[in-house]
Amino acid sequence: MMKKIYLLGATGSIGRQVLEIIRGRPGFKVESISFNKNLKLGREIIAEFKPEYVAVGEYADMVALKGEFPRVKFGFGEEGLLEAATHGGDDGYLVNAVVGSAGLRPTVAAIKKRRNILLANKETLVVAGEIIMPMVREAGVTLLPIDSEHSGVFQCLKSGKREEISRIILTASGGAFRSLTRAELKDVGVEDALRHPNWRMGAKITVDSATMANKGLEIIEAHHLFGVEYDRIETLLHPESAVHSLVEFRDRSVIAQLSLPDMRIPIQYALFYPERVENEYPELRLEDLNKLHFYKMDYNRYPLLDLAYEAGKAGGIMPAVYNAANEAAVELFLNGRIAFLDIETIVEKAVADERNVENPTLDTVLRVDREVKSKILNQRWVK
Ligand code: NDP
Ligand code: MG
C-alpha cells in the first residue's frame, strides 16, 4: 500500500532525513511539503519529489517558485502551512518537522481530517497536549513520536501495558556545555552553543539541549504521549547517547531502547510502523563503546528542566508560556541580542509573571503563545 506523506519542514534537519529515507524506496509518495526560507533546497526537493502542493514562508518566494514549477500548487504563510497539512484526501501521514509552535494548528487540522501524525515537532504537544491527545483518541488516528527518547519509550512499551509502568526515564547527553560550570556559562557564544557533542540538529533544539530546556519540553511531551504522571517521569545524564530511554515496569523489570545517535532510526521506525525494515546504517557495537555512563540529573545546574516540571504539573497555559518564552529567548540568543544565561532568566520571569488559566481552549493557548513571544521580542535588550 502506498503511504502518502505530507511533510512540514522539509528543508530542516529532520525533514531532510525523512526525504533521505523515502528516497529510492517504493511505497511512499510525497504529496505536499512546506519550508520557510530555504529556497535553494526547497527547489531541489520540489524537482526530485514532485509534490502536488508546496507551502513557503513568504508571498514573494511563492510567486518566484510558481513561475518555475507551473504544475505545482503553492501557498504561503500560516494558511499555506495549514493547506500543506490537510491537502488531498483524508488518508496519509502528516510528518510534522517544523520547529516551534507554528506546528500546532497544522497538526490539529490534520487530526480533524483523520490523518495520522508522525510528530517531530515536540512544541505542539507541550503547548497543547491536553487538547490534542483527546482529539487523537476521538478521531481514532495514530500519533507516533519521532523524538528519539519518545520513540524509545514507545518501543519499550511493547513489553508491557501502560498501567504497568512504574517509571519512564529519558536520558540527556548534557548538550554543548555539559563540561562547564554555571559560572563558566556567562561568556559562552552562539557558535559554542551550536556545537552539540552527539547530534547534528537544527539551531533551536541544539540551544535547547545546552540549556536542558529540550529535556524539559520532552518530559511534558512524554506526559501527554504516554499518559504518565510527572512524578513517574525521570531524567538521567548519559553522555554517550546510546540508551535513549528506559521504562521500568511495576515488577522492577527495566526495558531500555538503544541505538547509535542517529535520528534516521526513529524516523524510519515511525515511517514504516508497524513494520521494521532493514537499512545500511552502522551497527551499535557496545564493545566499541566499551563503557556507558549515567549520572544523576543536576537540577541546580539546569534550572529550566526543574521549571518544566513545575509548568507541566501546573498544566493549563503554563507549559505554553514556558515554551513561548523559550522560543523567543532562543531566537534573541541566536540573533546575538542576549547572553546565554539570559535565556533562563527570561523564561523564569515569563512563567512567574503569568496567571494560570485552567482547561484553556486552543484559541487561548495560541493567544498566550503570541502574547508571551511578542512581549519578549519587543523589549529592548542590552547584552
Ligand atoms: P530545523 O531548524 O533544522 O528545521 C526546521 C524546519 O521548519 C525547516 O524546514 C524550516 O524552513 C521550517 N520552519 C522554520 N520556522 C518555521 C515557521 N515559523 N513556519 C513554518 N516553517 C518553519 O529544525 P529541526 O529539524 O532540528 O527540528 C524540527 C522539529 O523536530 C523541532 O520541533 C525539534 O525540536 C524536533 N526534533 C529535532 C531533532 C533533530 O535531530 N533535529 C530531534 C528530535 C526532535 P527553512 O529551513 O526553509 O527556513
Ligand atoms: Mg529528543
Side-chain angles (χ1 to χ4, degrees), residues 7-20 33-46 54-58 61-62 65 75-85 95-107 118-127 144-154 170-175 194 196 198-209 212-222 225 235 238 241 243-245 257 259 261-267 270 323-324 326-328 330-331 334 369-370 373:
L7 173 60
L8 306 186
T11 50
S13 159
I14 295 285
R16 292 191 307 264
Q17 294 178 82
V18 168
L19 293 171
E20 181 196 325
I33 63 162
S34 90
F35 54 92
N36 198 30
K37 298 202 169 114
N38 191 343
L39 247 68
K40 185 173 178 294
L41 181 56
R43 262 190 199 102
E44 291 173 21
I45 296 171
I46 298 171
V54 175
V56 298
E58 301 290 329
D61 293 341
M62 173 185 84
L65 288 171
F76 73 99
E78 217 183 312
E79 290 313 307
L81 205 57
L82 275 178
E83 177 60 30
V95 184
N96 189 341
V98 159
V99 59
S101 60
L104 174 52
R105 283 183 66 214
T107 306
L118 311 184
L119 192 68
N121 179 251
K122 63 190 85 183
E123 293 91 345
T124 283
L125 279 182
V126 173
V127 173
L144 290 178
I146 284 179
D147 208 347
S148 55
E149 297 80 356
H150 305 74
S151 174
V153 170
F154 184 86
L170 309 180
T171 67
S173 70
L194 292 180
H196 195 286
N198 300 353
W199 302 91
R200 294 282 149 268
M201 311 182 286
K204 192 247 172 189
I205 184 176
T206 307
V207 174
D208 286 349
S209 300
M212 210 51 92
N214 183 50
K215 215 46 57 182
L217 300 174
E218 289 185 354
I219 57 142
I220 301 174
E221 182 187 11
L225 275 172
T235 62
H238 169 44
S241 297
V243 178
H244 305 300
S245 46
Q257 191 266 338
S259 77
D262 184 338
M263 281 308 295
R264 293 175 304 179
I265 297 170
I267 296 171
N323 179 71
N326 182 58
E327 280 188 39
V330 171
E331 186 180 324
L334 287 171
D369 177 70
R370 268 195 312 273
K373 281 181 188 167

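Start at 1 and go down the list; that is how both ligands and their atoms are numbered.
- Here the side chain of Thr171 pairs a donor or acceptor atom with the backbone of His244 at under 3.5 angstrom.
- Arg43 places none of its side-chain heavy atoms less than 4.5 Å from the side chain of Ile46.
- Rounding to the nearest 0.5 Å places CG of Leu39 at 4.5 Å from CG of Asp61.
- The backbone N or O of His150 sits nowhere less than 3.5 Å from a side-chain atom of Asp147 that would complete a donor-acceptor pair.
- For Arg16 and Glu20, the salt-bridge test fails: no basic side-chain N is under 4.0 Å from an acidic carboxylate O.
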Mind listing the N or O contacts between ligand 1 and protein, cut-off under 3.5 Å?
unit_1	atom_1	unit_2	atom_2	d
ligand 1	3 (O)	Ser13	N	2.8
ligand 1	9 (O)	Gly9	O	3.3
ligand 1	9 (O)	Thr11	N	3.4
ligand 1	9 (O)	Thr11	OG1	2.7
ligand 1	9 (O)	Gly12	N	3.1
ligand 1	11 (O)	Thr11	OG1	3.3
ligand 1	11 (O)	Asn36	N	3.1
ligand 1	25 (O)	Ser13	N	3.1
ligand 1	25 (O)	Ile14	N	2.9
ligand 1	26 (O)	Gly202	N	2.8
ligand 1	30 (O)	Ala120	O	3.4
ligand 1	32 (O)	Glu123	OE1	2.6
ligand 1	41 (N)	Ser13	OG	3.1
ligand 1	46 (O)	Thr11	OG1	3.0
ligand 1	47 (O)	Thr11	OG1	2.8
ligand 1	47 (O)	Asn36	N	3.0
ligand 1	47 (O)	Lys37	N	2.9
ligand 1	47 (O)	Asn38	N	2.8
ligand 1	48 (O)	Lys37	N	3.0

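- Between Lys204 and Glu123 there is a salt bridge, since a side-chain N of the basic residue sits under 4.0 Å from a carboxylate O of the acidic one.
- Applying side-chain hydrogen bond (donor to acceptor under 3.5 Å, both in side chains) to Glu149 and the options Lys122, Lys215, Gln257 leaves one that passes, Lys215.
- When atom types are taken as modelled, the side chain of Glu218 and the backbone of Leu170 share no donor-acceptor pair closer than 3.5 angstrom.
- No side-chain donor from either of Asn198 and Ser173 sits under 3.5 Å from a side-chain acceptor of the other.
- Listed by chain and number, the protein atoms of type N/O/S under 2.8 Å from the Mg ion (ligand 2) are Asp147 OD1, Glu149 OE1, Glu218 OE2; waters are omitted.
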